[in-house]
Number of protein chains: 2
Amino acid sequence: MGRWKVPENLWMRPERSARGPQPSFSRAALTEAAVRVADAEGLEAISMRRLAAEIGAGTMSLYRYVSGKDDVIELMVDSVVAQYLPEDAVISGDWKADLGALARRARRTMLRHPWLAPLAANRQGASPNRLRLLEASLRMVDGLGLGVDEMLTLIGAVFAYVNGFVQSELAEAEALRRTGLDLKEWTALQAPFMMAVIASGDHPMIARMATEGGRAYADIEERFEYGLERVLDGIEARLPESDG
Amino acid sequence: MGRWKVPENLWMRPERSARGPQPSFSRAALTEAAVRVADAEGLEAISMRRLAAEIGAGTMSLYRYVSGKDDVIELMVDSVVAQYLPEDAVISGDWKADLGALARRARRTMLRHPWLAPLAANRQGASPNRLRLLEASLRMVDGLGLGVDEMLTLIGAVFAYVNGFVQSELAEAEALRRTGLDLKEWTALQAPFMMAVIASGDHPMIARMATEGGRAYADIEERFEYGLERVLDGIEARLPESDG
DNA sequence: ACTCAACCAGGTACGGCGTACGCAATGGGG
DNA sequence: CCCCATTGCGTACGCCGTACCTGGTTGAGT
């Protein structure tokens with residue numbers, strides 16, 4: 001029948017209202033603590049109890065500032081995602097350079113905050129800084145003869161690549177951090193299985209990879225650049241003719 | 001000083017050993033139950049207690065088959081990821097067609113199992129079916145004049161795009177499922193904030209998007225194809241000259 | 001044929017988690 | 001000045017992953 005509980009929009013609820021005692025904390029302090037803890041110990045270290053302790057509050061007091069853990073995550077993402085684009089960013093008019101720079105800054109930000117990549121990929125509700133980024137991205141590709149829908153498709157493709165790349169880039173490092181192993185131990189753990197696979201003879205390419213490709217794979221920066229430039233090139237090749 | 005607990009490699013531990021009573025369950029049954037539950041109720045419905053109940057076992061009995069929840073996830077991913085490539089897949093020799101088909105099947109599989117995309121992006125340990133996919137992918141791009149490292153870079157770029165795209169594609173649907181809202185309620189919830197943003201006048205492109213781009217954005221299939229083809233085109237343009 | 005180490009099933013318990021609920025204290029608007 | 005919206009937060013509930021332990025089962029070695 002009726003609604004049971006209408007979830008409120010975090011970004012519309014004012015931080016504080018007129019009447020009542022002075023709040024002792026703030027969303028900003030909560031967000032800062034959450035980002036700090038997640039940077040140092042990973043997203044799984046984020047709990048309402050832990051955050052409350054971190055800012056010197058009672059656990060349930062947090063619920064005066066956010067409606068639940070999801071809101072905390074939302075605040076974390078929005079605050080950090082702002083770094084994708086510097087405050088004073090200007091749009092040069094060269095869409096490939098502008099969008100490429102945004103993509104590279106996005107990657108750097110996600111590498112600095114390893115918990116961000118999966119969240120950034122999975123959330124898409126509107127938030128202040130995400131909208132600011134979207135606005136800037138649209139301006140970068142405005143004037144190429146594309147409709148708004150096509151601009152969104154273009155931007156979406158670039159960010160799909162960036163998010164996907166950074167996630168796989170971080171996967172190994174995060175696995176190591178979670179298990180507390182170092183790289184040597186981890187490969188030693190995988191080795192017997194890989195050996196068995198290679199010995200089976202069913203996977204000749206993987207065998208080649210294990211021997212021939214032994215020199216550390218391509219540099220990770222190069223790999224990111226390779227894909228990013230391929231995406232931008234592929235997009236450029238199908239742009240409508242410009243009458244400039 | 002010494003090691004405290006060496007995590008064992010799931011894929012090297014034999015499912016059953018010689019001595020002792022007949023096992024009542026199996027990894028396969030556990031995996032099947034896990035996939036079934038996650039498909040129907042989402043990854044957050046997966047718990048050791050729930051899975052045990054699902055196959056009629058005591059909770060702690062599961063630990064005879066896997067070393068913990070992580071192993072269950074690993075089994076789920078490996079079992080489902082097999083669908084990226086049909087058993088009888090043949091490599092045509094047209095690398096764009098082959099890799100494109102693999103990418104499209106990967107997307108279809110992730111859409112059928114909405115819990116898969118984030119896991120597929122974040123795991124990269126070796127597992128039987130993942131190695132089978134890697135082997136096939138390498139064979140698809142063999143003979144293009146690339147070294148193994150370059151092949152891996154190429155394949156990585158394509159899958160980065162696919163994973164990133166599908167994750168953002170699923171984000172909204174998953175948010176709706178988690179909250180139990182339907183699309184109308186969800187947009188109604190976001191509306192006031194979007195209205196405020198548009199009214200502020202700071203985001204003209206977003207305002208244009210909200211009015212002009214009202215017609216449902218581009219079809220999602222088209223958007224996926226657009227990006228996939230741009231990536232493949234961009235790659236092709238920089239391939240070494242073929243002497244065919 | 002017998003033994004017993006190796007294996008199985010699973011109960012209990014511990015320390016975490018998110019958060020619903022209720023209560024006492026506070027302080028600005030009327 | 002006083003009302004009551006608002007704050008801080010203690011308690012409690014129902015989940016979670018899994019360490020540890022007991023007690024039953026079985027096949028390989030003698």
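Every chain is numbered from 1 and lettered A, B, ... according to where its sequence line falls, protein lines coming before strand lines.
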Residues passing the salt bridge (Lys or Arg N to Asp or Glu O under 4.0 Å) test with R19(B), sequence neighbours excluded, are none
Residue set satisfying salt bridge (Lys or Arg N to Asp or Glu O under 4.0 Å) with R107(B), at least two apart, ordered chain then number -> E169(B), E221(B)
What protein N or O atoms touch nucleotides 28-30 of chain D N or O atoms at under 3.5 angstrom, if any, and at what distances?
none

Open item on the list: Between M60(A) and M48(A), is there a side-chain heavy-atom distance shorter than 4.5 Å?
Closed with: no
By side-chain contact (heavy atoms from CB on, under 4.5 Å), M195(A) pairs with (sequence neighbours left out) none
For residues 18-45 of chain A, the ring pair (Phe, Tyr, Trp, His ring centres under 6.0 Å) pairs (sequence neighbours left out) are none
side-chain contact (heavy atoms from CB on, under 4.5 Å) filter on S47(A), not counting sequence neighbours, yields R49(A), R50(A)
Here the residues of residues 58-80 of chain B within 4.0 Å heavy-atom distance, strictly under, of DNA chain D are T59(B), M60(B), Y63(B), G68(B), K69(B)
### Sidechain N-carboxylate O distance under 4.0 Å for E174(A), R177(A)
yes
Next item on the list: For the residue pair V77(A) and S127(A), establish whether any side-chain heavy-atom pair is separated by less than 4.5 Å.
Entry: no
Sorted by chain and residue number, the side-chain hydrogen bond (donor to acceptor under 3.5 Å, both in side chains) partners of R178(B) (sequence neighbours excluded) come out as none
CD1 (I206(A)) and CD1 (I198(A)) are apart, to the nearest 0.5 Å, by 8.0 Å
By side-chain hydrogen bond (donor to acceptor under 3.5 Å, both in side chains), N122(B) pairs with (sequence neighbours left out) none
The correct set of residues in residues 22-39 of chain A placing a heavy atom under 4.0 Å from DNA chain C is Q22(A)
Residue pairs passing the ring pair (Phe, Tyr, Trp, His ring centres under 6.0 Å) test with at least one member in residues 28-86 of chain B, sequence neighbours excluded, are none
The correct set of residues in residues 42-56 of chain A placing a heavy atom under 4.0 Å from DNA chain C is I46(A), S47(A), M48(A), R49(A)
